[in-house]
Q: 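Sharing a structure with you now.
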There are 2 protein chains.
Amino acid sequence: MRHVVETTPLSEPVFFVLASLSRAPRHGYALMKDIQTLSEGRVRLSTGTLYGVLRRLLEDQWIERFDTGDTARDKQSYRITATGSEALRQESIRLNQLARIALPLIGPQEA
Amino acid sequence: MRHVVETTPLSEPVFFVLASLSRAPRHGYALMKDIQTLSEGRVRLSTGTLYGVLRRLLEDQWIERFDTGDTARDKQSYRITATGSEALRQESIRLNQLARIALPLIGPQEA
DNA sequence: CGCAACATGTCGGTATGCGACATGTCGTCG
DNA sequence: CGACGACATGTCGCATACCGACATGTTGCG
């Protein structure tokens, strides 16, 4: 019997952290910046939110720390794990379901 | 200058309640059933969640009670308001943004 | 008669978002 | 040199929300 992955919706902060790390590994501050860009300015995480999310994602091993051999700043970074990628993939499916459900409700206008 | 609508993400329960009422007015129990159908079995709201959501939506006037002249059962129902519709429309836009962001991250497979 | 589905609600534990606060470094401009 | 803004990481506490468990009553059917 198939083990269906626990699919509680991801919060917006969690989604964006995973999405950003899925593009490239980054440290916390860089995440804040990239998420602003990625969301076209809509989402700005406070540090309270960000570091709380990072702690939980580390605990669940959806992301991991790693050491870029880089100079000084930017040495410690976070990277998404296979588990995290899978969660993001599941979320993407859910998001598409919701978008599909929502579309007909908003009338014809809106691209 | 434009007053940009406060656009905190809707939770999944809130989204589905609005989406369901957007198709037709319903009472609480009918909502639970319709949301199961609408979500293709994925979402099952507990009564604790449902009635909490309904109370808040009423307070914010995103939905309202009204009396169908109907017989006995099913008289009291909830109906979405213009404010609620607008919120749902905003959410739909957000959802499409997220879906668009998530899609390229999950690889080519997946319809 | 009894049971399942219908129908509505409360309560409490737990988690989370997030603003405010705290701390320190680096680079640059006057 | 001094100061300031961006870089960088974190904690604390409040408010809110989800949701399982519990409580209650009704309707219809076998």
Side-chain angles (χ1 to χ4, degrees), chain A residues 6-18 20-21 24-37 39 42-60 62-68 70-79 87 91 94 98, chain B residues 6-18 20-21 24-37 39 42-60 62-68 70-79 87 91 94 98:
Chain A
E6 192 61 71
T7 182
T8 305
L10 303 188
S11 69
E12 188 161 73
V14 168
F15 170 79
F16 272 106
V17 167
L18 292 181
S20 176
L21 289 183
R26 273 173 244 280
H27 57 258
Y29 192 82
L31 272 168
M32 286 191 278
K33 296 310 200 59
D34 188 56
I35 287 171
Q36 271 180 55
T37 305
S39 69
R42 193 173 56 77
V43 178
R44 299 184 169 232
L45 300 188
S46 73
T47 62
T49 302
L50 178 68
Y51 289 101
V53 166
L54 289 177
R55 185 177 43 71
R56 291 194 313 271
L57 292 181
L58 283 171
E59 280 168 13
D60 298 347
W62 286 19
I63 64 175
E64 60 193 5
R65 280 182 204 275
F66 79 109
D67 209 324
T68 73
D70 259 334
T71 48
R73 279 276 231 284
D74 299 7
K75 273 202 309 198
Q76 276 277 281
S77 281
Y78 301 95
R79 154 170 73 185
E91 177 67 0
R94 187 187 73 94
L98 295 191
Chain B
E6 192 60 72
T7 181
T8 305
L10 303 188
S11 69
E12 188 162 72
V14 169
F15 170 79
F16 273 105
V17 166
L18 292 181
S20 175
L21 289 183
R26 270 174 245 281
H27 57 259
Y29 192 82
L31 272 168
M32 288 191 276
K33 295 311 198 61
D34 188 55
I35 288 171
Q36 273 181 53
T37 305
S39 69
R42 193 173 56 77
V43 179
R44 299 183 167 231
L45 300 188
S46 73
T47 63
T49 302
L50 178 68
Y51 289 101
V53 166
L54 289 178
R55 185 178 42 72
R56 292 194 312 272
L57 292 181
L58 283 170
E59 279 167 15
D60 299 346
W62 285 19
I63 63 175
E64 60 192 5
R65 281 181 203 275
F66 81 108
D67 210 322
T68 74
D70 258 336
T71 47
R73 278 277 231 282
D74 300 5
K75 273 201 308 196
Q76 277 277 281
S77 281
Y78 301 96
R79 151 171 75 185
E91 177 68 1
R94 188 187 73 93
L98 295 191

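In what follows, chains carry the letters A, B, and so on, assigned in the order in which the sequence lines appear, proteins first and then strands, with residues in each chain numbered from 1.
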Q: Between CE of A/M32 and OG1 of A/T49, what distance do you get to the nearest 0.5 Å?
A: 10.5 Å
Q: Checking all strands, does A/F15 fall into the base, sugar-phosphate, or nothing category for heavy-atom contacts under 4.0 angstrom?
A: nothing
Q: Taking the side chain of A/P13 as heavy atoms from C-beta outward, which of C/dG17, C/dT10, D/dT11 is closest to it?
A: C/dG17
Q: Between A/E12 (CD) and D/dT16 (P), how many Å, whole number?
A: 20 Å
Q: For A/L58 and D/dT9, give me the distance from atom CG to atom P, rounded to whole Å.
A: 12 Å
Q: Please report the distance, rounded to the nearest Å, between CZ in B/R26 and C1' in C/dT8.
A: 18 Å
Q: On DNA chain C, nearest-nucleotide positions of B/A30 versus B/G52: which is more 5'?
A: B/A30
Q: Between atom NZ in B/K33 and atom C1' in C/dT8, what is the gap in whole Å?
A: 15 Å
Q: Name the nucleic acid region contacted by A/G28, choosing base, sugar-phosphate or nothing; use a 4.0 angstrom heavy-atom cut-off, strictly under.
A: sugar-phosphate
Q: Given the rule in the salt bridge (Lys or Arg N to Asp or Glu O under 4.0 Å) test, do B/E59 and B/R56 qualify, once you have shown the distances and angles that lead to the verdict?
A: CA-CA 5 Å; B/E59 279 167 15; B/R56 292 194 312 272; over 6 Å; no
Q: Ignoring backbone atoms, establish whether A/T49 has a side-chain N or O less than 4.0 Å from OP1 or OP2 of C/dG17.
A: no
Q: If you assign B/Y29 and B/R65 each to the DNA chain C nucleotide with the nearest heavy atom, which residue ends up on the more 5' nucleotide?
A: B/Y29
Q: CG of B/L45 versus C1' of C/dA7: gap in Å, rounded?
A: 15 Å
Q: Which nucleotide sits closest to the side chain of A/T47: C/dA20, C/dG17, C/dT8?
A: C/dA20
Q: Would you check if A/L45 and A/V17 make a side-chain contact, meaning some heavy-atom pair closer than 4.5 Å?
A: yes
Q: Rounding to an integer number of Å, can you tell me how far A/L57 CG sits from C/dT16 C1'?
A: 12 Å
Q: Could you check how far CG of B/L10 sits from C1' of C/dT16, rounded to whole Å?
A: 17 Å
Q: Do A/E12 and B/L98 make a side-chain contact, defined as non-hydrogen atoms from C-beta onward lying under 4.5 Å apart?
A: yes
Q: Taking only N and O in the side chain of B/S11, is any of them less than 4.0 Å away from OP1 or OP2 of D/dC18?
A: yes
Q: Let me confirm one number: the OG-CD1 distance from B/S20 to B/I35, rounded to the nearest 0.5 Å.
A: 5.0 Å
Q: Give a yes/no answer on whether the side chain of B/S46 brings an N or O atom under 4.0 Å of OP1 or OP2 in D/dC19.
A: no
Q: Look at the side-chain N and O atoms of B/R56 and state whether any lies under 4.0 Å from the OP1 or OP2 oxygen of D/dA17.
A: yes
Q: Quickly work out the B/L31 CG to C/dA5 P distance and round it to whole Å.
A: 19 Å
